[in-house]
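Just so it is clear, the model here is predicted, and its values are computed rather than measured. All chains are named by letter (A, B, ...) in the order of the sequence lines, taking the proteins before the strands, and each is independently numbered beginning at 1.
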There are 2 protein chains.
Amino acid sequence: MTKIRNMEEFARLTGISRPTVSKFFNDPASVRVSTRNRIEKALEQYDYRPNIFAINQNRKLTKNIGILVPYLADPFFAEIARKIERRCIDAGFWPILFSAHGEQKTENDILDSLRSLKPAGALLAPLGRRSDRAALEQFCRAVPTVLFDSNIEGIGTAFIGSDNAHFVGQIVEYLCRTGEPPCFFEMQPVNPNANKRRNAYIAVMERLGHVPNVLRVEGGGWDFEKVGYEGALAMLDANRLTTNTVLCSNDRLAIGFLTACYERGLKVGYAEGCALRVAGIDDHPFSRFTCPPLTTVAQDYESVSNRSTETLFQLIDSDGPPATRVEMLFEGRLVMRASA
Amino acid sequence: MTKIRNMEEFARLTGISRPTVSKFFNDPASVRVSTRNRIEKALEQYDYRPNIFAINQNRKLTKNIGILVPYLADPFFAEIARKIERRCIDAGFWPILFSAHGEQKTENDILDSLRSLKPAGALLAPLGRRSDRAALEQFCRAVPTVLFDSNIEGIGTAFIGSDNAHFVGQIVEYLCRTGEPPCFFEMQPVNPNANKRRNAYIAVMERLGHVPNVLRVEGGGWDFEKVGYEGALAMLDANRLTTNTVLCSNDRLAIGFLTACYERGLKVGYAEGCALRVAGIDDHPFSRFTCPPLTTVAQDYESVSNRSTETLFQLIDSDGPPATRVEMLFEGRLVMRASA
DNA sequence: CCGATAAATTTACGCGCGGCAAGTTTTTAT
DNA sequence: ATAAAAACTTGCCGCGCGTAAATTTATCGG
């Protein structure tokens, strides 16, 4: 079993010309069955793999797909990134995962790095409010891009996300139906979803004939649990809650809220003897393990990741962006647990 | 501002020969100051970047560093991966992050992909029990590799991890000092750390004159919270607990345990009226937000990531592996919260 | 100011593959 | 059986850069 240096050598061993072998590696279905079998047999025997750098240098378009999430330490993004990676691999692409770690500079650096990888396309979940719009625009001019999770108007050729209005409608209606109308617990919005959720909350409450009550707490960044915890403590101690039902802008805030309630000895839930009901939005991977488990609206991870990748694949196949920018929103599923 | 196609064109614009420009990009300090200034000035003006694929094709060794973690959806690994990435970038390398998603096949596939990237080195946190030892050995023969978090004897040229004996010693002594000696709550071990922790628990208990009590629950995989939750429910309902103090093999198991306790109406903590004390090991990012917040032993993320990367950098600089395989273990810090 | 030496720079070649054109063989259809 | 189509081979160029060897330029003591 000799060491094979390049495709030339490998081709010689198979008795097939190099261009045909090259064709095989680009698409095994593009060569005759008999040829394919001979190459595959040799492949088992000699363990040769084309040099990925030489391939990417010469192909006009690589098979790379860049994936960028704002904050990978959030299991929500870890989970959706995992699904997207899987689908890219299955489609014959080479996904490369990046996290902006919540910082604009990092996001911009990554966009730069990504561009030098000459990717066939990119799936971006931008930071949102902290994103550098100009940098994103420039990137999208060079690379076919689909945005997901966090929408930025006019950026990318498509956006796949969640129907925040529907999410909020579901949970607010549920809460109103089963108890006191909720107040809305939020922090300074980091992305458009947070704004849409607040506005949807206000709209739904008014539609149902209730007075909306938005409680904004201090603190920013991506350490949501901490912000929620500290904000909740301050709010509880100052007695600023005018209802026994709290809808948090997202699950991670809710997790912090629950911690604060526990610390103050307030029992959370809908059962007898409970002081408060707390609900979230997202169905974060950890939400079923909070105390009590968190009532929330589940993001449709599966659909979002599927549609995002498929939209990008279509975009890659059909050269030239479509006439209109597409936005696709998925509905959520109410997940009733013990907290509300 | 014309578009620059390659280094040739760029070099012409600066009036310097291409190889000298190439030298500059590999190490700006290796060219004369006057030359450097001219290039840097042109760089601001023309926005040229060398083609990464052409670079990597020709360099005997790339600047890539592969990072592999067993399960990126675990914020612990997300966090340590983030720190490692940062340090690689600062050192002028190009980190590429992969997750095995808890599966051997994925881990092996990634090792293959990684090898074709001809990385200067790799930082691996192997799956552990599920890892394919032969595949890892083969990989390590081709790539300078440092293992972290999870040790596999004889694999890689160094291992950087945690001193599980010290971790367990600290928390067991604390628990014994402040209440009943703990039992040890574990699942089927996924990696050597779990085994070391159990054995350390037994040793410490015996040293302190107590009878060790290991409770193993059903269930495998990487869904630790779920395993802990279901295992705890079964254990509580069958009344198999002979002590009021539970030390969980890791924080994620403990999180599940707390959820089960909450569901059964058992108050956890050391305060008056509490039925159980529960402690974990790791200081998982979410452990301070459980109800009650989790007493645990904190991993020294910072030191582990720092030493891992620095060890690898040294290994890369000095060609040829060192005479002996180094193992470096960091101690933990007891984090006292309300749960125990 | 000269020659020796080190540093900087240029010359020339190679890396491994994609892609094209023209010619040859095999397969498929009539 | 024969013509047309499909698959394959040969031969060559180009991609954008790294790098060893050759050449030039700078440095410095005398």
Side-chain angles (χ1 to χ4, degrees), chain A residues 2-40 42-43 46-64 92 94 113 115-120 319, chain B residues 2-40 42-43 46-64 92-94 115-120 319:
Chain A
T2 49
K3 191 76 187 174
I4 294 167
R5 312 193 139 275
N6 54 36
M7 199 181 278
E8 183 78 49
E9 270 187 38
F10 177 75
R12 196 161 359 191
L13 288 169
T14 66
I16 298 173
S17 74
R18 190 185 64 74
T20 302
V21 173
S22 168
K23 228 181 145 203
F24 165 85
F25 278 110
N26 281 319
D27 179 11
S30 69
V31 300
R32 224 182 340 235
V33 182
S34 59
T35 313
R36 182 159 67 232
N37 289 339
R38 281 168 65 191
I39 295 179
E40 279 167 350
L43 222 41
Y46 293 107
D47 177 44
Y48 161 76
R49 297 181 59 168
N51 182 308
I52 185 94
F53 301 112
I55 292 175
N56 282 332
Q57 177 179 12
N58 294 308
R59 244 203 292 256
K60 24 191 98 166
L61 215 57
T62 72
K63 282 285 194 174
N64 298 330
W94 183 303
S113 302
R115 215 151 25 136
S116 68
L117 288 174
K118 301 194 198 308
D319 45 13
Chain B
T2 50
K3 190 78 185 173
I4 294 167
R5 311 193 140 274
N6 53 37
M7 201 181 275
E8 184 79 47
E9 272 187 36
F10 177 75
R12 197 162 1 201
L13 287 170
T14 66
I16 300 172
S17 76
R18 189 186 60 73
T20 300
V21 174
S22 167
K23 227 177 149 211
F24 165 86
F25 278 111
N26 281 317
D27 178 11
S30 70
V31 300
R32 226 192 325 247
V33 181
S34 59
T35 313
R36 180 160 68 233
N37 288 340
R38 280 167 67 190
I39 295 177
E40 279 167 350
L43 220 43
Y46 293 107
D47 177 44
Y48 159 77
R49 297 181 59 170
N51 180 309
I52 187 92
F53 300 112
I55 291 176
N56 283 331
Q57 177 179 13
N58 296 308
R59 245 204 291 255
K60 24 189 93 166
L61 216 59
T62 71
K63 282 287 196 175
N64 297 330
F93 288 95
W94 183 303
R115 218 153 20 138
S116 69
L117 288 174
K118 301 194 198 307
D319 45 13

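Legend: residues meeting side-chain hydrogen bond (donor to acceptor under 3.5 Å, both in side chains) with Ser17(B), ordered by chain and number and at least two apart, are Thr20(B). For Thr62(B), the side-chain hydrogen bond (donor to acceptor under 3.5 Å, both in side chains) partners are Asn64(B), not counting sequence neighbours. Applying the side chain to side chain contact (heavy atoms under 4.5 Å, CB included) criterion to Arg18(A), with sequence neighbours excluded, gives Met7(A), Glu8(A), Ala11(A). Remark: Asn51(A) pairs with Phe53(A), Ala54(A), Lys118(B) by the side chain to side chain contact (heavy atoms under 4.5 Å, CB included) rule, at least two apart or across chains. Tyr48(B) is linked by a ring pair (Phe, Tyr, Trp, His ring centres under 6.0 Å) to Phe10(B), Phe25(B), counting only residues two or more places apart in sequence or in another chain. The side chain to side chain contact (heavy atoms under 4.5 Å, CB included) check on Ile55(B) picks up Pro50(B), Arg59(B), with sequence neighbours excluded. Every residue two or more places apart in sequence or in another chain that forms a side chain to side chain contact (heavy atoms under 4.5 Å, CB included) with Arg49(A) is listed here: Asp112(B), Ser116(B).
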Heavy-atom protein contacts under 4.0 Å, nucleotides 16-26 of chain C, coded B base, S sugar-phosphate only, - none: BBBB------S
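Read 5' to 3', the first and last nucleotides of DNA chain D with an atom closer than 4.0 Å to a heavy atom of chain A are dA7(D) to dG16(D).
Summarising the geometry, the separation between CZ on Phe53(A) and C1' on dC15(C) is reported as 13 Å, rounded to the nearest angstrom.
Rounding to the nearest 0.5 Å places OG of Ser22(A) at 11.5 Å from CG of Asp27(A).
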